[in-house]
Amino acid sequence: MEYDEARWLVLARRPGERLADAVQRVVHDAIRAGSLRPGVRLPSSRTLAAHFGVSRGVVTEAYEQLTAQGYLVSRTKAAPVVAATDRSDGAPRRPAERSGTAPVRFDFTATTPDVAHFPAQRWAAYLSMAARSLPAAGYGYGDVRGTEHLRRTLADHLGRTRGVAADPEHILVTHGTAQAVDLLMRVLASAGGRCIAVEDPSLTSQADRIREHGLAVSPTPVDASGLRTDRLDVDAVILTPAHQFPTGVVLSGERRRQLVGWARRTGGLLVEDDYDAEFRYDRQPVRALHGLDPSSVAYLGTTSKTLAPALRLAWMVLPERYLPEARRIRHLMDVCPPAVDQEALALMIEHGHYDRHVRRARKTYQRRRRRLAEAVDERLPGCRIEGIAAGVHALLRLPPGANGAAVAERALDAGVSVAPLSRFALAATSFHGLVLGYGRIPEDRLDDAVAALASAIRP
């Protein structure tokens, strides 16, 4: 930010007011009004003094007073920055009161991988390679579906690893799976859709995205064979067939055939969220539902679990009938995805480093899941791990009578962050258990993490 663009540089000195007080007042007022936001770097005292034609001591005094009051943060041999403020009135933020909750020592968040293992140097190298290899035209507005290079690369990769018969012309690259779902809901709403079935339990944000576009949500129960198929009166179904979140079950072959049959009879759409199929530990993952009928299934994939959520790189393979409207809406949303990032991912896949990273991550998470199961067996004999050996989370069934939400509250007091299964409920109320993510907890700390959790289960 150029300092001469800031409102506070118009120095309106009041009658009889010292210059240092005038500078202090105008900076103070700008911070309180919000025009100088937390984190903004102010001009150095020398620079500002020269701009106004005053002595450097005038500005230094004003800065010192504002620092003493908590409005600025001074730094050795550097210009001050605006301090964090309370949102209500711009006053300096005071130290937070102690809540009594212990700091989190063990984080069982179920939806994230271990981002500490992100291959940052490798990714930076591919970004550099992508920036150098893109032709000049590649820096203009691109195809709304994504670069042709990445779409071709993904088509080959998905056919090889997931059995997805993907035509590159049918692939759209998106900013994460969340944007893919949002785009699909817009497409369905524009086509006159009314109601979407969602697994119950599941991520509640899916239901929020559906309702955001005026569509109704039909919570559909999940049992040991996956999503129930006997009560579908909807336009589309969103499901996680390879590894249901959060129960960890796999959609059975019979249910798969029933769903595809339903889609063919009704013209409905199956939205397959294949969010972590790369991480199956006991056997090869089941093939994607998309392979049974590409004309009835929209397939969603992402790098959020394999690389890192912050990349916001995902893709969907759409049936042909939805492509024109999806392209139109995608152009309205953000024109096109970033070309350099797409090129970097395409190169990483083509050169084999993506697959190698996934293999290393798979071994890491396999060891962590095994250690988690062993620790539960040793320290929680009344509990059991459910769900297939896959992904970065597992379902912990609690002893009869245990309340998952109450256990989660006690666990937080003991420094353990864990989500009760009931947090993912849409309509059902009989969910009792905890969803344990092991993506963030190193293998050598899992035993201590389960021990701390045990103290909350058996208070």
Side-chain angles (χ1 to χ4, degrees), residues 112-115 117-135 138-139 142-180 242-243 272-280 284-288 290-291 294 298-318 330 336-366 390-392 439:
T112 183
D114 190 344
V115 293
H117 289 174
F118 174 66
Q121 291 185 339
R122 181 77 66 185
W123 180 250
Y126 279 115
L127 282 175
S128 178
M129 189 185 304
R132 294 194 305 268
S133 63
L134 271 180
Y139 288 95
D143 193 316
V144 297
R145 296 169 299 178
T147 65
E148 182 182 1
H149 185 192
L150 179 57
R151 288 186 285 112
R152 284 191 287 103
T153 302
L154 285 173
D156 295 341
H157 174 75
L158 294 173
R160 173 172 54 85
T161 62
R162 299 297 295 125
V164 173
D167 184 336
E169 298 299 307
H170 290 194
I171 295 178
L172 271 76
V173 181
T174 63
H175 296 292
T177 303
Q179 187 188 61
H243 184 216
E272 178 179 15
D273 184 355
D274 203 33
Y275 68 101
D276 70 353
E278 295 88 349
F279 298 141
R280 181 74 188 257
Q284 288 294 315
V286 294
R287 305 298 274 180
H290 182 275
Y299 174 89
L300 311 184
T302 180
T303 62
S304 289
K305 297 294 185 292
T306 55
L307 290 176
L311 295 185
R312 309 315 299 146
L313 279 170
W315 49 86
M316 56 181 173
V317 185
L318 286 180
R330 176 58 197 271
C336 61
V340 176
D341 298 65
Q342 294 178 78
E343 183 69 8
L345 179 60
L347 292 170
M348 190 177 190
I349 294 173
E350 286 182 339
H351 290 199
H353 286 119
Y354 182 81
D355 283 349
R356 283 196 281 275
H357 173 74
V358 169
R359 287 196 295 270
R360 286 193 297 269
R362 185 185 297 126
K363 291 178 181 178
T364 295
Y365 297 136
Q366 181 180 23
V392 294

Practice task
List the steps and the verdict of side chain to side chain contact (heavy atoms under 4.5 Å, CB included) for L154 and V317.
Solution key: CA-CA 10 Å; L154 285 173; V317 185; over 6 Å; no

Approximate separation, where rounding is to 0.5 Å, of [X] [atom1] and [Y] [atom2]:
X    : Y    : atom1 : atom2 : answer
Y365 : K305 : OH    : NZ    : 9.5 Å
T177 : R312 : OG1   : CZ    : 7.5 Å
R152 : I171 : CZ    : CD1   : 11.0 Å
T302 : L307 : OG1   : CG    : 9.0 Å
L345 : T153 : CG    : OG1   : 8.0 Å
H351 : R122 : NE2   : CZ    : 10.5 Å

Could you check whether any side-chain N or O of [X] sits under 3.5 Å from a backbone N or O of [Y], counting only pairs where one atom can act as donor and the other as acceptor?
X    : Y    : answer
R162 : G291 : no
Y139 : V340 : no
E343 : L134 : no

Looking only at non-hydrogen atoms, find the nearest pair between [X] and [Y] and report the distance.
X    : Y    : value
A130 : A344 : CB-N, 3.6 Å
R287 : G159 : NH2-O, 3.9 Å
R280 : A390 : CD-CB, 3.9 Å
P309 : T112 : CG-OG1, 4.4 Å
D143 : R151 : OD2-NH2, 3.5 Å
A166 : A155 : O-CB, 3.3 Å

Can you check whether [X] reaches [Y] side chain to side chain, under 4.5 Å on heavy atoms?
X    : Y    : result
W123 : H357 : no
P119 : M348 : yes
M316 : T174 : yes
R145 : P168 : no
H157 : D355 : yes
V392 : D276 : no
W315 : L150 : no
D341 : L311 : no

Exercise for the section: May I ask you to decide if the ring planes of H243 and Y275 are parallel, tilted or perpendicular, using 30° and 60° as cut-offs? Expected result: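 Aromatic pair H243/Y275 classed parallel.
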
Problem - Donor-acceptor side-chain pairing of H353 and Y126 below 3.5 angstrom - result: yes

Practice task
Indicate whether any N or O donor in one side chain lies under 3.5 Å from an N or O acceptor in the other, for T364 and R360.
Solution key: no

